[in-house]
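In what follows, every heavy atom counts, from backbone to side chain, and hydrogens, waters and symmetry copies are set aside. What you see is a predicted model; the values in this text were computed from it and never measured.
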Amino acid sequence: MTILQGSLLGFALWTLALLLLTVGVYRWGRILTGRAAVNEFPADAPTGAGWYRRGTRAHVNCIENLPVYAVIVQAASMRGLAGPLVDVLGIGFLCARVAQTVTHVGFIETARTVSVRFTFYSVQFVVMVALVVLLLRH
């Protein structure tokens, strides 16, 4: 497995961990302690603690971006794109994804935290564009 492929696997595992540690802990904790019924979590209405709502949105954001990154990594793998720059991009992508998620879930939304979160997302976007450019030039 290349480092780039490992970053994709890391992203997928991070998405699952986020689901378990935010949505899963909150919902199942409330259901198993009898504080909520299994059908009390409507997808179209904001309910629950602030960190839970932010966790839900952060998980959806991972789900939205995972397929895009997966396609880019798959194309890079199929074309044999490799090297130190590609490795750094893969590591940078995963680190920025984790930092974005931690910022999203762990901090109340203020202008500063949203700016920090957007910066981490911007790093991921630049990495994906850079990988596409490298692919086209390969």
Side-chain angles (χ1 to χ4, degrees):
M1 176 183 313
T2 67
I3 290 175
L4 188 62
Q5 292 165 340
S7 72
L8 176 59
L9 179 59
F11 186 4
L13 293 174
W14 179 250
T15 302
L16 290 173
L18 179 62
L19 176 63
L20 176 66
L21 296 173
T22 59
V23 177
V25 166
Y26 185 83
R27 286 185 185 184
W28 285 106
R30 295 186 57 78
I31 291 166
L32 294 175
T33 59
R35 291 180 287 160
V38 74
N39 63 339
E40 288 186 29
F41 302 97
D44 57 350
T47 59
W51 68 266
Y52 163 74
R53 291 191 312 271
R54 291 189 307 274
T56 300
R57 289 192 311 274
H59 179 256
V60 168
N61 185 259
C62 284
I63 295 296
E64 291 168 346
N65 286 279
L66 184 57
V68 177
Y69 189 60
V71 167
I72 293 168
V73 170
Q74 177 64 22
S77 298
M78 290 173 61
R79 298 265 305 155
L81 187 65
L85 176 58
V86 173
D87 294 346
V88 167
L89 290 171
I91 292 167
F93 181 91
L94 184 57
C95 290
R97 168 52 57 181
V98 170
Q100 177 193 359
T101 304
V102 168
T103 304
H104 198 162
V105 176
F107 298 94
I108 295 170
E109 291 174 307
T110 65
R112 179 175 290 161
T113 59
V114 171
S115 295
V116 168
R117 209 172 70 212
F118 180 73
T119 299
F120 289 132
Y121 178 74
S122 296
V123 169
Q124 295 164 73
F125 186 81
V126 168
V127 165
M128 289 190 283
V129 169
L131 286 169
V132 169
V133 169
L134 290 172
L135 264 169
L136 294 174
R137 295 179 68 196
H138 184 67

J.: Output yes when a side-chain donor or acceptor of Arg54 lies under 3.5 Å from a complementary backbone atom of Gly106, and no otherwise.
T.: no
J.: Who are the ring-ring contact (aromatic ring centres under 6.0 Å, His included) partners of Phe11, not counting sequence neighbours?
T.: Phe93
J.: Do Thr101 and Asn61 have side-chain heavy atoms sitting under 4.5 Å apart?
T.: no
J.: A side-chain contact here means heavy atoms from C-beta on lying under 4.5 Å apart; do Leu89 and Leu85 qualify?
T.: yes
J.: Side chains of Val123 and Val126: does their closest heavy-atom pair fall under 4.5 Å?
T.: no
J.: Once salt bridge (charged side-chain N to carboxylate O under 4.0 Å, His left out) is applied, what residue pairs with a partner in residues 105-125 remain, sequence neighbours excluded?
T.: Arg57-Glu109, Glu109-Arg117
J.: Please check this pair: side chain of Arg53 against backbone of Thr47, looking for a donor-acceptor N/O pair closer than 3.5 Å.
T.: no
J.: In the structure I gave you, are the side-chain heavy atoms of Thr56 and Tyr26 within less than 4.5 Å of one another anywhere?
T.: no
J.: For a 4.5 angstrom cut-off between non-hydrogen side-chain atoms, does Arg97 reach Tyr121?
T.: yes
J.: Under 3.5 Å, side chain of Ser7 to main-chain N/O of Leu94, donor-acceptor pair present?
T.: no
J.: Partners of Leu19 by side-chain contact (heavy atoms from CB on, under 4.5 Å), sequence neighbours excluded?
T.: Val23, His59
J.: With a 4.5 Å heavy-atom cut-off, do Thr22 and Tyr52 have their side chains touching?
T.: no
J.: When you look at CG of Leu32, are more than 12 heavy atoms from neighbouring residues, nucleotides or ligands closer to it than 6.0 Å?
T.: yes
J.: Does a side-chain heavy-atom distance below 4.5 Å link Leu8 with Gln74?
T.: no
J.: A side-chain contact here means heavy atoms from C-beta on lying under 4.5 Å apart; do Cys62 and Leu18 qualify?
T.: yes
